[in-house]
Amino acid sequence: PEFLEAFQKRIDAEEKIEPNDAMPEGYRKTLIRQIGQHAHSEIVGMLPEGNWITRAPSLKRKAALLAKVQDEGGHGLYLYSAAETLGVSREQMTEELHSGKAKYSSIFNYPTLTWADIGIIGWLVDGAAIMNQIPLCRCSYGPYARAMIRVCKEESFHQRQGYEIVMTLAQGTPAQREMVQDALNRWWWPVLMMFGPHDSDSQHSDQNMAWKIKRFSNDALRQKFVDATVPQGEYLGLTFPDPELKWNEEKGGYDFGPIDWDEFWRVVKGGGVMNRDRIRDRKAAWENGAWVREAALAHAEKRRQRAAEAAPIAAE
Amino acid sequence: PEFLEAFQKRIDAEEKIEPNDAMPEGYRKTLIRQIGQHAHSEIVGMLPEGNWITRAPSLKRKAALLAKVQDEGGHGLYLYSAAETLGVSREQMTEELHSGKAKYSSIFNYPTLTWADIGIIGWLVDGAAIMNQIPLCRCSYGPYARAMIRVCKEESFHQRQGYEIVMTLAQGTPAQREMVQDALNRWWWPVLMMFGPHDSDSQHSDQNMAWKIKRFSNDALRQKFVDATVPQGEYLGLTFPDPELKWNEEKGGYDFGPIDWDEFWRVVKGGGVMNRDRIRDRKAAWENGAWVREAALAHAEKRRQRAAEAAPIAAE
Amino acid sequence: MALFEALLELADDHLVLGHRLSEWCGHAPMLEEDLALPNMALDLIGTSRTLYTYAGEVEGAGRDEDALAYLRDEMEYRNCLLVERPNGDFAQTMLRQLYFAAFMEPYWKAALESPDETVRGIAGKAVKEMAYHIRHAGEWVIRLGDGTEESARRMQEAVEELHRYTDELFHSSAAARGVDALPDRAAIRPEWDRVIGEIFAEARLEIPQVPFPQQGGREMQHGEALGHMLAEMQVTHRAHPGAVW
Amino acid sequence: MALFEALLELADDHLVLGHRLSEWCGHAPMLEEDLALPNMALDLIGTSRTLYTYAGEVEGAGRDEDALAYLRDEMEYRNCLLVERPNGDFAQTMLRQLYFAAFMEPYWKAALESPDETVRGIAGKAVKEMAYHIRHAGEWVIRLGDGTEESARRMQEAVEELHRYTDELFHSSAAARGVDALPDRAAIRPEWDRVIGEIFAEARLEIPQVPFPQQGGREMQHGEALGHMLAEMQVTHRAHPGAVW
């Protein structure tokens, strides 16, 4: 209890907690879970976008998409490293992902059906992610906060790129306009769900707020996202699939319709179109790569032994 | 020697040799080799055409090509059965194909690169095959001769279908005409090679002629094929890639340029573009299917045992 | 245009599944299956052709079977998700075939009573083909389910993979409902349950609980697999606009 | 137009190999390789873009990088057969990459002396990238060749599979020969032999005898794999003629 108080004081003073610092078990566990989930989301998130790399409509877009997906792998890497500072191995986290014990962002359980989805994912999914992540750059845990600074910088770039794809389509041929409107219709509500349940239904929130792992409520971030995004879409002549969406002068923000939380929980619990395929793909990559990882270890060991055998001779 | 004479007499009298008849070891071995090669050719021949089933340009063509490839599998099946009457198992023949010990028609080591190849294969490859095979309908070995009657009937149908594809392309758009001319350029010489080396360089021929396993010489069949085919191509406005090809009034047939026998032997010995891929595909199908074949055996055995256990009870 | 919509649902199911089967060509686990798989593919593609032709007539916009098959993109295909699933291994292919045929056989049987003569004609041919598909695929499901340890494991995996897509067989899009000429999809359920139940019992398979049945294809919301399949299927036709083949 | 032809040979090699590498995306054996493979793919696709743009300028017919990449079919692609080979396993992908980079690195080094300024510019960037590809792929070839029994077997198989395509790296089509602006492909052989020899020695691999080297791609006679790859690569672009992306 004294320790907890002292810890909370450090947090309140905006001190960063570092790997070797003592920390409450709950704090450590929450962070491991959250950073792990975040890392897994980056890794699983490579799949829906990867699905369009081979069919990208121009070389410029193909290169940009490849670079983006590569960045996501990079984010996964920093985040796994950040989690490792809390005493969990990447392998362990990977196993938890494959067994279904660890979660990842539900948004990646929706399929990418046309090229427009790539634009919409950049604009909206990365946009929502940034909204969630910017506060994490000031998270109380140092390694996580520092990883997030780098992640956020790259995500903003992706988001601008996504919006630019959407803009190009919205100003394109009738088929392109139809494609991008259809993609917006499919992704809008799932993206709003990315901010999580209403504050009234959200677990963990208060403690996480106190620990400064979380700094804003789900609903506040969602509102901020809607307010920032709707004008961008309207500027392009796109329609949001929500008849109740309208500007509320009084509150200085948009009102929007009710979110289908049944759909949200269905997908979280494994009922999305792609849940099974995503995990199967990840597992297949992991299992098919086992012989490569084993060979790398075996070779390193051979080198070590050869060096050890060579050393005494050299010393003679 | 007495036996050989008597055997030859039966052959000369156009009697059919049947599975349980005594026959010289050489006769049996030659037939096993030839029927096996022929069966393997049907099976491997499914691959180059199968390569275009998923990309066929119309539903009618897609269905016809599927049916054709299926027919080839059927031919393989009768021919393996014919070979089995000579005391060799299908499994044994399959192993010899996969190990490279048994050969198949070299023509299938060329790739199918455009839809026009499907037309050209039907017209020319099946055309050449029929030329080779019609005499085999009168082969001295009964089961082989009977299998060939059925095969030849279906092959003629394929050949007409192939010619009709070629005709449609030759009368089509400039791109279609170019496509079919290119395919003819690529396949013409390899098809002429299908009749085998010049009579002067051909092994086995005399004995096989005497045994009525072979009834016409390679060169005679090749000439017959050229004479039948060239007018069909010219009718469609196609050009054969042989500057020396011209009608010889005196001999009542076409003269044609020299065949590149180095190319022929190169492909026979494994140097064709697709040799390695073809065998790898067949082996992969076989190996990936092992668990299915094992399961079928295991299930049949379970049924047998259950029937055996049930029988005494039923009898009580 | 409910009839047009309903015919397209049927035609797309048949073509997509026929195409999937045709992908096996030359790669089956035994020669007999290198004959049986194209045979079933041919049945399905043949039926799809008649259905597309009739749909084109009903639509009256001059679209023939190839216009409907080759010039609609993924967002216009109405097939159920089951048929577009990648082939997987032989167990998955056979189970998918059984699920589909066990639906279509009673469906076509009911369609024999249709007031629409063209539908009756299609049904008359198709009902026999589907009975054969049930027999052939059903026998494999039994053999593999009650074969070796490996085949039983693979068959079980196939059930887990595919059963969640079967509900959609009994579903039509709103636009395709209420067509007198065609049977009610939902009414086929008892017969499907009976056939699958019998075969599963013999195969020593359990009918799984499916907490989250998957659908969407009828509403033209597909999975990621269909787009890749259509890219390949349509490439030659689309590369030569207006050409005759 | 020999320069145009020679630039297309280079550009097609880079794009096709870059596309092949990009097919790994999200499926690599470890996260580090999920970064390294797209990284190499990006290098190759980046170089192909500059090469296509320059080829389009040289041609002077108004074709830009996308017209050259997306609107030529298989019979117009000039890439060597090596780069179009399907990825196979990780051993094959890494060996193919080593073979290619061990050719391109000395090629670009020679191109640094080109009288053509654009070529010098491309070479200056590419030569460093290719040195990295040699290091990265070469290290994997060594690790796998001298790793476990399984990895050594797979690496050996990769050599048997791919070595027969390497001769074509040193070959240009007749139409592309004698271009002052670009190095002579045949002259790169000694340096390629040296690099491959050193790495194979460390990897405990033997340089195989190749009785029948394969070529044809430069003369636009490809294997069966390229058509499938281009069908996928070009599908979106071709479905929307004239659209801007």
Side-chain angles (χ1 to χ4, degrees), chain B residues 39 43-63 65-74 76-77 80 90 94 114-115 165 168-169 171-173 175-176 179 281-282 284-303, chain C residues 15 18-19 21-39 41-42 45-46 48-49 52 64-66 68-70 89-91 94 139-140 142-152 154-155 203 229 232-245:
Chain B
I43 301 307
V44 176
M46 297 171 81
L47 296 172
E49 294 183 281
N51 184 40
W52 280 90
I53 288 175
T54 53
R55 292 177 289 172
S58 74
L59 292 183
K60 187 181 103 180
R61 294 297 182 196
K62 190 185 192 79
L65 181 55
L66 252 172
K68 183 185 175 192
V69 174
Q70 188 196 22
D71 283 347
E72 282 156 12
L77 206 54
Y80 282 129
R90 203 210 292 182
T94 302
T114 70
W115 170 251
I165 291 175
T168 308
L169 295 173
Q171 296 169 351
T173 66
Q176 287 177 310
M179 192 192 280
D281 274 13
R282 288 308 312 163
W286 187 251
E287 285 160 16
N288 295 339
W291 70 272
V292 176
R293 299 189 302 275
E294 283 158 20
L297 286 178
H299 180 76
E301 176 59 18
K302 281 184 185 174
R303 282 218 172 155
Chain C
L15 177 58
H19 184 97
L21 289 183
S22 80
E23 292 172 350
W24 272 100
C25 196
H27 301 89
M30 60 190 68
L31 189 46
E32 286 75 4
E33 288 304 309
D34 262 327
L35 301 180
L37 288 161
N39 195 37
L42 275 167
I45 292 170
S48 82
R49 293 179 62 192
Y52 282 130
D64 64 7
E65 58 177 48
D66 287 333
L68 289 169
Y70 288 96
D89 63 12
F90 190 70
M94 283 298 136
E139 269 168 29
W140 272 114
I142 292 167
R143 271 188 212 113
L144 299 177
D146 184 27
T148 61
E149 212 171 293
E150 179 178 5
S151 74
R154 284 175 183 262
M155 203 67 233
M229 190 197 113
E232 167 132 351
M233 187 177 100
Q234 299 178 336
V235 61
T236 316
H237 189 94
R238 284 188 186 252
H240 300 265
V244 172
W245 299 98

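Remember, it's a predicted structure, so these values are computed and weren't measured experimentally. Quick note on labels: first sequence line is chain A, next is B, and so on, each numbered from 1.
Residues satisfying the side-chain hydrogen bond (donor to acceptor under 3.5 Å, both in side chains) criterion with Thr114(B), sequence neighbours excluded, are Asp117(B).
Between the CD atom of Glu32(C) and the CZ atom of Arg293(B) there is a distance of 10.5 Å, given to the nearest 0.5 Å. Separation of atoms CD (Glu23(C)) and OG1 (Thr54(B)) is listed at 7.0 Å; rounding is to 0.5 Å. Atom CD of Glu232(C) sits about 11.0 Å away from atom CD1 of Ile53(B), to the nearest 0.5 Å.
The residue among Ser58(B), Gly73(B), Ala56(B) with the most heavy atom pairs within less than 4.5 Å of chain C is Ser58(B). The candidate with the highest count of non-hydrogen atom pairs below 4.5 Å against chain C, out of Val69(B), Val44(B), Leu77(B), is Leu77(B).
For Lys62(B), the part sitting under 4.5 Å from any heavy atom of chain C is the side chain, from C-beta outward, and nothing else. Residue contact with chain C, scored on non-hydrogen atoms closer than 4.5 Å, involves the side chain of Ile43(B) exclusively. Only the side chain of Arg61(B) comes within less than 4.5 Å of a heavy atom in chain C; its backbone stays farther off. Leu66(B) touches chain C through backbone and side chain together, each having a heavy atom under 4.5 Å away.
Between the side chain of Thr173(B) and the main chain of Ala243(C), no donor-acceptor pair closer than 3.5 Å is present. No donor-acceptor distance shorter than 3.5 angstrom exists from the side chain of Asn288(B) to the backbone of Pro29(C), with no hydrogens or angles considered.
Counted by atom type alone, Glu294(B) and Thr148(C) present zero donor-acceptor pairs between their side chains at under 3.5 Å.
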